[in-house]
Amino acid sequence: MAYDVPQLLQMSQAQLDELFTSSPAGEIPNGEAEGTAIIAPGTTYTHEIASLINHFGWQGKNFDAQKGVLKNRILSLGLNAILAKVYKGPSWLDGKECIVLDYSETSLVAHWIRDEIRQIGPGLYLGKVYWGKKRLIDFALTFK
């Protein structure tokens, strides 16, 4: 089944987790991705929260697959900041391979953050955000 961001915003946390655990890691992406935060999944507030975050806080990520790094696009200006290492490793959710976005050695601001992504369709990745070992939110990355 092909997925899109509006479908992901309608899913429950259990459905998002099932999609993530049943998906392959995929290739480490390259280029610019539009990001969508998925907070309060399965509620009527999910879409509004995602829009607010996207407009004022986080717009997405710019990947350099060859160098194994990314920068987040933040603020309404689309500032490229908050560097992360990108590599494949085991997921903290299920132990299977995922693409790890690791801020522990590259960012003073986000050194306690770890993201994990898996490809759920052509140009579409589903991600999990961890603060330490605690899961926080989900997100989607759409590559054009």
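Nothing here was measured: the structure is a model prediction, and the numbers come from that model.
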Determine, stepwise, if the pair L8 / T36 fulfils side-chain contact (heavy atoms from CB on, under 4.5 Å).
CA-CA 10 Å; L8 298 175; T36 304; over 6 Å; no

Report yes or no: do [X] and [Y] belong to one cluster of Ile/Leu/Val/Met/Phe/Trp/Tyr joined by side chain heavy-atom distances under 4.5 Å?
X	Y	result
L93	Y3	yes
I28	V100	no
I117	I39	yes
F20	W92	yes
V69	I82	no

Looking at residues at least two apart in the chain, or sitting in another chain, which of them share a side chain to side chain donor-acceptor pair (under 3.5 Å) with S104?
D102

Residues in side chain to side chain donor-acceptor pair (under 3.5 Å) contact with S107, at least two apart in sequence or another chain
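In terms of side chain to side chain donor-acceptor pair (under 3.5 Å), with neighbours along the sequence ignored, S107 is linked to no residue.
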
Pair up each side-chain donor or acceptor in residues 137-144 with any protein partner under 3.5 Å, not counting sequence neighbours, and list the distances.
unit_1	atom_1	unit_2	atom_2	d
D138	OD1	Q13	NE2	2.9
D138	OD2	K128	NZ	2.4

For [X] against [Y], the heavy-atom pair lying closest together:
X	Y	value
S23	I120	OG-CG2, 3.4 Å
R73	E34	NH2-CA, 4.1 Å
L16	L126	O-CD2, 3.5 Å
Y130	R135	CE2-CG, 3.1 Å
G26	I99	O-CD1, 3.8 Å

Has the side chain of [X] got a donor or acceptor atom that lies under 3.5 Å from a matching backbone atom of [Y]?
X	Y	value
Q7	D4	yes
K96	S91	no
E27	P29	no

Looking at residues at least two apart in the chain, or sitting in another chain, which of them share a side-chain contact (heavy atoms from CB on, under 4.5 Å) with Q15?
M11, S12

Could you tell me which residues satisfy side-chain contact (heavy atoms from CB on, under 4.5 Å) with N30, sequence neighbours excluded, listed by chain and number?
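With neighbours one apart ignored, the set is D64, A65.
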
Rounded to the nearest 0.5 angstrom, the OG1-CD distance for T43 and Q10 is 10.5 Å

Just verifying a value: how many Å separate Q59 CD and N72 CG, rounded to the nearest 0.5 Å?
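That separation rounds to 10.0 Å.
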
Atom pairs and distances, side-chain donor-acceptor, residues 108-115, under 3.5 Å, sequence neighbours left out:
unit_1	atom_1	unit_2	atom_2	d
H111	ND1	L108	O	3.1
R114	NE	E116	OE2	3.0
R114	NH2	P90	O	2.8
R114	NH2	E116	OE2	3.0
D115	OD2	K61	NZ	3.2
D115	OD2	Y103	OH	3.4

Given side chains that start at C-beta, do those of I38 and V5 come closer than 4.5 Å, heavy atoms only?
no

